[in-house]
There are 2 protein chains.
Amino acid sequence: MESHGKYISAIYRHMQVLIAAELAPYRIGSGQYIFLMAIASQGRTTQKELSEELLIDKTTTAKAIAKLEAEGYVRREPDPEDNRYQLLQLTEAGYKVVPDVQAALNRVKRKAAKGISDEEYELLLGLLKKVLRNVSE
Amino acid sequence: MESHGKYISAIYRHMQVLIAAELAPYRIGSGQYIFLMAIASQGRTTQKELSEELLIDKTTTAKAIAKLEAEGYVRREPDPEDNRYQLLQLTEAGYKVVPDVQAALNRVKRKAAKGISDEEYELLLGLLKKVLRNVSE
DNA sequence: CGATATAGGATGCCATTGCAACTAATATTC
DNA sequence: GAATATTAGTTGCAATGGCATCCTATATCG
């Protein structure tokens, strides 16, 4: 009785390794790029929003943001209207690195999707979305 | 430009948590059950074989097997014909726990596959297999 | 046969991740 | 308005997992 779990796990681990290798030159780890790209695409945001959107534990988010900040890609400043929040935004260096990161991610994606048609890929995305909704509720 | 990576990663992390909770009563972690089930289905084997079949680094395999041995589910003995190998097999307790683990995995799978038809599920498996082949070569 | 290479496995180290528990700030309730 | 609850974020801890390195046993090559 075959299950998707084995494949999901193996794909995840291999993608982590591939992405880590691609992003090593920028000193961005496999655990940080999602946050960088999320901030890039939605501008000023908070850790809470990122956690909810990416379905990642808030403590994981905190640590990833701390690393991105240490590398100079993200700036943090307390929200003047509510000091519990830290407003996040990309720095100059952050904006500059985004296209390179995007290109690296595209390379990995092309490698992963080789031999899969656009229709099949859309189908895959749709099914994964459904599975994610199921396991995350 | 949407990609499967985000979903794969989120599904993986959520499944880890679900499986860990299901298997906690048996003191089997989310990193060990695959090995238990693999040994159960193929009988006497070695760490090398497991690593290759599951596409998992050999050091990860070593640690998982060590834990399963410590919990009394797996027995290890040196291969008399080649002392580099450790022959692995389930203990009594190992055989006894397999059905429970299988049932737990089935529960997680049913939850994950809710609202997905058998045909769609097969399609998903096929695509995941393709992606895995792509990223692991 | 002896030297070198290769193979299975183990160990140390580090990155990622989630949970429990905590802190500080804002909301709510009496 | 003071006490309590909730919320955003942080810290410590433990589990998973890969890489570099090492050890020991077998293979190979001169």
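Here is how names work: the chains are called A, B, and so on, in the same order as the sequence lines, proteins then strands, and each is numbered from 1.
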Engineer: Specify the residue among S9(A) and A62(A) whose closest nucleotide of DNA chain D lies further upstream toward the 5′ end.
Structural biologist: A62(A)
Engineer: When all nucleic acid strands are considered with a 4.0 Å heavy-atom cut-off, which category describes S30(A): base, sugar-phosphate, or nothing?
Structural biologist: sugar-phosphate
Engineer: Among dC19(C), dT17(C), dG8(C), which nucleotide has an atom closest to any side-chain atom of Y12(A)?
Structural biologist: dT17(C)
Engineer: What are the two closest non-hydrogen atoms of T61(A) and S51(A), and how far apart are they?
Structural biologist: OG1-OG, 2.8 Å
Engineer: In whole angstrom, what separates Y85(B)'s OH from dG8(C)'s C1'?
Structural biologist: 7 Å
Engineer: For DNA chain C, what residues of residues 38-48 of chain B have any heavy atom nearer than 4.0 Å?
Structural biologist: T46(B), Q47(B), K48(B)
Engineer: Sub-3.5 Å donor-acceptor pair from the side chain of E120(B) to the main-chain atoms of S117(B), do we have one?
Structural biologist: yes
Engineer: Checking only heavy atoms, does the side chain of K58(A) share a donor-acceptor pair with the base of dG18(C) at less than 3.5 Å?
Structural biologist: no
Engineer: Side chains of R76(A) and Q47(A): any donor to acceptor distance under 3.5 Å?
Structural biologist: yes
Engineer: Step through the shown structure and confirm whether more than 12 heavy atoms of other residues, nucleotides or ligands are within 6.0 Å of CD on E137(A).
Structural biologist: yes
Engineer: Below 4.0 Å from chain B heavy atoms, what is the first contacting nucleotide of DNA chain D and what is the last?
Structural biologist: dA15(D) to dT26(D)
Engineer: Not counting sequence neighbours, list each pair that qualifies as a salt bridge (charged side-chain N to carboxylate O under 4.0 Å, His left out) and has a residue in residues 92-107 of chain A.
Structural biologist: E22(A)-R107(A)
Engineer: Does K111(B) NZ have over 12 foreign heavy atoms under 6.0 Å away?
Structural biologist: yes
